[in-house]
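Accompanying notes for the structure given below.
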Amino acid sequence: ALMFYPRRHLTSNGETVTFQIMAEEVTDLMASEIHLEYNPSQLEIISVTQGSFFQNGQNSIFLYEINSTAGAVQINTTLLDGDSPAVSGTGDLAEIQVKLLQAGSATVSFNGSDAVIGPENNDITILEKINGLVVTE
């Protein structure tokens with residue numbers, strides 16, 4: 001699964017919250033390409049940083065692009081080397097800080113074109129995607 005953790009933040013208008021983008025119960029994950037979408041009139045992406053899943057003593061690449069006009073974020077992360085150029089289990093691929101711009105609720109969601117890849121360049125099936133929700137208290 002790919003999921004936001006926590007799944008929901010209760011916050012005040014103008015506050016910044018942090019989500020982790022988690023890969024859950026994966027086997028032999030070497031790379032990921034994550035595509036997020038959001039309403040730019042409701043949310044602002046403050047920052048995107050690498051999570052800890054690919055940083056345990058291994059070299060990795062972490063790239064991201066934010067298109068605040070379109071309300072889109074693309075995150076790419078890949079393991080480069082190591083004894084085993086893949087990880088298994090559950091861990092965070094990225095952290096994303098989001099600022100709520102107006103009262104109400106807003107969603108950051110996976111847009112459906114996400115990909116996770118194994119060390120043999122094989123696609124890993126994503127069984128479930130769980131979006132993130134920001135709601136004013």
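Position 1 is the first residue of the sequence, and the numbers go up from there. All of these numbers come straight from a predicted model, not from anything done at the bench.
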Discussion item. When you compare the side chain of D123 with that of V116, does any pair of heavy atoms fall below 4.5 Å?
Written reply: no
Note to self: In this structure, would F110 and Y5 fall into the same cluster of hydrophobic residues linked by side-chain contacts under 4.5 Å?
What the structure shows: no
In terms of heavy-atom contacts, L93 and S32 come closest through CD1-OG, 3.8 Å
When the ring centroid of H9 is compared with that of F19, is the distance short of 6.0 Å?
yes
message = Determine whether a donor-acceptor pair (N or O, by modelled atom type, separation under 3.5 Å) exists between the side chain of D92 and the backbone of A94.
response = no
Separation between NZ (K99) and CD (Q42), nearest 0.5 Å, reads 15.5 Å
Tightest non-hydrogen contact, residues L133 and S105, listed as CD1-CB, 4.0 Å
- Examine distances only and state if a side-chain atom of S88 and a backbone atom of D28 form a donor-acceptor pair shorter than 3.5 Å. yes
Under 3.5 Å, is there a donor-acceptor pair linking the side chains of S47 and Q97?
yes
All heavy atoms of N13 vs all of L100, minimum pair found to be OD1-O, 3.4 Å
When rounded to the nearest 0.5 Å, the distance separating CG of L63 from OG1 of T78 is 8.0 Å
Item checked: Worked verdict on T90 versus M22 for side-chain contact (heavy atoms from CB on, under 4.5 Å) -> CA-CA 7 Å; T90 298; M22 306 288 292; 4.0 Å; yes
When rounded to the nearest 0.5 Å, the distance separating CG of N67 from CG of L36 is 12.5 Å
Q: Say whether I75 and I46 are linked into one hydrophobic cluster, either directly or through other cluster members, by side-chain heavy-atom distances under 4.5 angstrom.
A: no
Is there a donor-acceptor contact under 3.5 Å from the side chain of S109 to the main chain of N131? no
Rounded to the nearest 0.5 Å, the CZ atom of F54 sits from the CE atom of M30 at a distance of 8.5 Å
**Asked** Does the T77 side chain pair with the main chain of I61, one donor and one acceptor, at a distance under 3.5 Å?
**Response** yes
Applying the 4.5 Å side-chain criterion to the ILVMFWY set and letting contacts propagate, would V73 and I126 be lumped into a single cluster? yes
Would you say I130 and F4 are hydrophobically clustered, going by side-chain heavy atoms of ILVMFWY under 4.5 Å? no
Between the OG1 atom in T18 and the CD1 atom in I96, the distance rounded to the nearest 0.5 Å is 9.5 Å
Quiz item: Under the side-chain hydrogen bond (donor to acceptor under 3.5 Å, both in side chains) criterion, do E33 and H35 qualify, and how do the steps go?
Solution: CA-CA 7 Å; E33 182 176 309; H35 296 267; 2.6 Å; yes
- Going hydrophobic residue to hydrophobic residue with side-chain gaps under 4.5 angstrom, can you get from V26 over to M3? no
Pair N59, L79 - check side-chain contact (heavy atoms from CB on, under 4.5 Å), show working. CA-CA 6 Å; N59 290 321; L79 281 171; over 6 Å; no
Checklist entry - Looking just at side-chain N and O atoms, do Q50 and S60 make a donor-acceptor pair shorter than 3.5 Å? => result yes
Considering residues, nucleotides and ligands other than F62, do more than 12 of their heavy atoms fall under 6.0 Å from its CZ? yes
In short, A31 meets L29 closest at the heavy-atom pair O-CD1, 3.2 Å
In this structure, CD of E37 is separated from CD of Q74 (nearest 0.5 Å) by 13.0 Å
Notebook entry, point to check: Does T11 reach the main-chain N or O of T136 with its side chain, forming a donor-acceptor pair under 3.5 Å?
Noted result: no
Here the pair of heavy atoms bringing S68 nearest to P40 is O-CB, 3.1 Å
